[in-house]
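Report on one structure; see the data block that follows.
Naming convention: chains lettered A, B, ... in sequence-line order (proteins, then strands); numbering from 1 in each chain. Not measured: the values here are computed from a predicted model.
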Number of protein chains: 2
Amino acid sequence: MATGRNHRPATRSRGIPEATVARLPLYLRALTALSERSVPTVSSEELAAAAGVNSAKLRKDFSYLGSYGTRGVGYDVEYLVYQISRELGLTQDWPVVIVGIGNLGAALANYGGFASRGFRVAALIDADPAMAGKPVAGMPVQHADELEKIISDNGVSIGVIATPAGAAQQVCERLVAAGVTSILNFAPTVLSVPDGVDVRKVDLSIELQILAFHEQRKAGEEADAEAASRKGPDGDMPAVMPA
Amino acid sequence: MATGRNHRPATRSRGIPEATVARLPLYLRALTALSERSVPTVSSEELAAAAGVNSAKLRKDFSYLGSYGTRGVGYDVEYLVYQISRELGLTQDWPVVIVGIGNLGAALANYGGFASRGFRVAALIDADPAMAGKPVAGMPVQHADELEKIISDNGVSIGVIATPAGAAQQVCERLVAAGVTSILNFAPTVLSVPDGVDVRKVDLSIELQILAFHEQRKAGEEADAEAASRKGPDGDMPAVMPA
DNA sequence: ATGTCTTTGTGAACGCGTGCACAAAGATAG
DNA sequence: CTATCTTTGTGCACGCGTTCACAAAGACAT
Ligand SMILES: NC(=O)c1ccc[n+]([C@@H]2O[C@H](COP(=O)([O-])OP(=O)(O)OC[C@H]3O[C@@H](n4cnc5c(N)ncnc54)[C@H](O)[C@@H]3O)[C@@H](O)[C@H]2O)c1
Ligand SMILES: NC(=O)c1ccc[n+]([C@@H]2O[C@H](COP(=O)([O-])OP(=O)(O)OC[C@H]3O[C@@H](n4cnc5c(N)ncnc54)[C@H](O)[C@@H]3O)[C@@H](O)[C@H]2O)c1
């Protein structure tokens, strides 16, 4: 994702739409749960309910992968787990580095959900000399000076940034220069990267603000319903622009 | 967001599209940075670059809020900060509770970015009796038994779930029953909620899997380019379905 | 073998979001 | 006051994603 670009123009990789790719992990999680309960087959209706999506959407999503269902029966759970895993690239091992081992970075390092799929934390990296060598989640933190060597030695292509916002762009550039081509960014900044590098962001603050917007709207609608008969339809908005 | 529904059918609140709402916090962040540098006005082109979006998109987004720009000049930074803050509901105080004070919950509690906008951590809640009373981020953890009282006493309408996946749905139901109408979910589960309750999810595992997909595709394209002349266009896929 | 019944896979319609391109607005200079 | 120049606000077209609705496919019973 390059500077200022946040939607993929023609990246329907092998014809698989981006929106579908984003839902495959959801299906995979639901299927894994079924697999653990030894359920042999599942219908699109049942699986869709478990994944929290529309069944027509699920069938269309699967149709991009191929015809893996059996009409009148449904989908073979184990087979579908394998197919989706393969499509997502989870049949191979993905070494990941986490940069910035503070509150959040340490929590991520301790997170078990990493290893559960093919992701393996290859190294924890921090710029603070006091952190170097300290064990976090049973793994010694390495100094940022080693970044390039770590990436190269372990063949890391996915990096997680959990540094303060001010350091994120610089860390990003070092990661990319060292060979990382996918970045998961937790710092509240827009990252600029060259073409061919994917960036996904997780931003708590943005999520909360979106919730606040809808929350305010709900409160406003209640108030509107109450005050509807008293005033005009327009609540309170200065029509003129100051300054 | 009700069970299985993940896009808002007719929620263009006052005509503001959901996609626009999701970008407003991005603009707000860029504008705040400009404001701190005492920049008086900014053009759509400059602001769009700072926020990492297309300038036409930015102008269209702002047009949903009203005509706040001046042709030939641009937008007044301070005024726009105020308007967007107001639109997002950030001019008021939003008390938030965090449920599940483990690795992640503690990191969230320690996160400074919460208070920077109108969000205030009203309480930290955990089910573990050993946690009760223990200070985290300078605040005593309260036991889950107190959940309903805390929500009610503080007028909390936004809840953050950072419990294990198995507990999330149950915690969610208690939050909703107690009056919470917006939930930010970090647990890897699909939450079922009644109409009128918004759920947003943050899922590290899904983000990584999406990155892995594109990563695999990049690697595959390189391999394809290399092996293009040797084999047919279809790499390796069993055409038959087993079992 | 034939019929019934379930469920998939997909064609088609629709709506939303994006980005182009330009007319209108207003600032600024002469 | 007029001309020029910059930048906004938006009409329009296009493409993606979602959903409906149904024909085709196959399982299963008789
Ligand atoms: N804590 C949260 O819950 C939370 C939530 C959302 C977003 N964030 C964001 O995540 C980031 C980290 O948050 P945190 O609470 O862990 O902060 P923190 O201050 O606890 O940790 C940051 C760590 O990054 C290290 N660091 C600084 N510069 C570095 C560099 N150039 N290279 C390598 N390491 C470097 C620091 O030494 C420190 O250990 C911040 O950008 C924050 O805004 C945090
Ligand atoms: N740690 C991460 O980086 C990370 C990343 C992504 C997702 N997650 C998810 O976030 C959640 C929390 O992760 P974690 O690493 O902090 O786990 P954790 O086990 O460290 O913490 C979970 C906490 O929730 C508490 N809890 C359990 N049941 C509860 C209940 N019914 N009510 C209130 N509290 C309850 C536990 O006592 C514990 O303190 C998990 O669902 C995990 O999958 C974590």
Ring pair (Phe, Tyr, Trp, His ring centres under 6.0 Å) against Phe62(B), all qualifying residues, sequence neighbours excluded: Tyr27(B), Tyr75(B)

Whole angstrom is fine here: how far is it from [atom1] in [X] over to [atom2] in [N]?
X	N	atom1	atom2	result
Leu58(B)	dT10(D)	CG	C1'	14 Å
Leu80(A)	dT8(C)	CG	P	11 Å
Lys57(B)	dG9(D)	NZ	C1'	17 Å
Glu45(A)	dT19(D)	CD	P	13 Å
Glu18(A)	dC16(D)	CD	P	12 Å
Tyr64(B)	dT8(D)	OH	C1'	15 Å
Leu47(B)	dT7(D)	CG	P	14 Å
Asp61(A)	dT10(C)	CG	C1'	13 Å

Residue-phosphate contact under 4.0 Å: Tyr68(A) side-chain N/O, dT7(C) OP1/OP2: no

Phosphate OP1/OP2 of dG9(D): any Tyr75(B) side-chain N/O under 4.0 Å: yes

Touch class at under 4.0 angstrom, heavy-atom based, for Phe62(A) against every strand present: nothing

More than 12 heavy atoms from other groups under 6.0 Å of [atom1] on [X]:
X	atom1	result
Gln170(A)	CD	no
Glu173(A)	CD	yes
Tyr111(B)	OH	yes

Side chain to side chain contact (heavy atoms under 4.5 Å, CB included) partner of Ile161(B), the single match among Ile98(B), Leu184(B), Leu175(B): Leu175(B)

Salt bridge (charged side-chain N to carboxylate O under 4.0 Å, His left out) partners of Arg117(B), counting only residues at least two apart: none

Out of dT10(D), dG17(C), dT18(D), whichever nucleotide has its closest atom nearest the side chain of Ser63(B):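 That would be dT10(D).
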
Reading 5' to 3' through nucleotides 20-30 of chain C, protein heavy-atom contacts under 4.0 Å coded B for base, S for sugar-phosphate only, - for none: BB--BB-S---

Nucleic acid contacts of residues 37-44 of chain A, taken as heavy-atom distances under 4.0 Å to DNA chain C: Ser43(A), Ser44(A)

Pairwise salt bridge (charged side-chain N to carboxylate O under 4.0 Å, His left out) hits with a residue in residues 30-40 of chain B, at least two apart: none

Check: Ser182(B)/Asp198(B) side-chain N/O donor and acceptor closer than 3.5 Å: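 Judged by distance alone, the side chains do not pair up.
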
Qualifying residues under side-chain hydrogen bond (donor to acceptor under 3.5 Å, both in side chains), relative to Glu45(A), sequence neighbours excluded: Ser55(A)

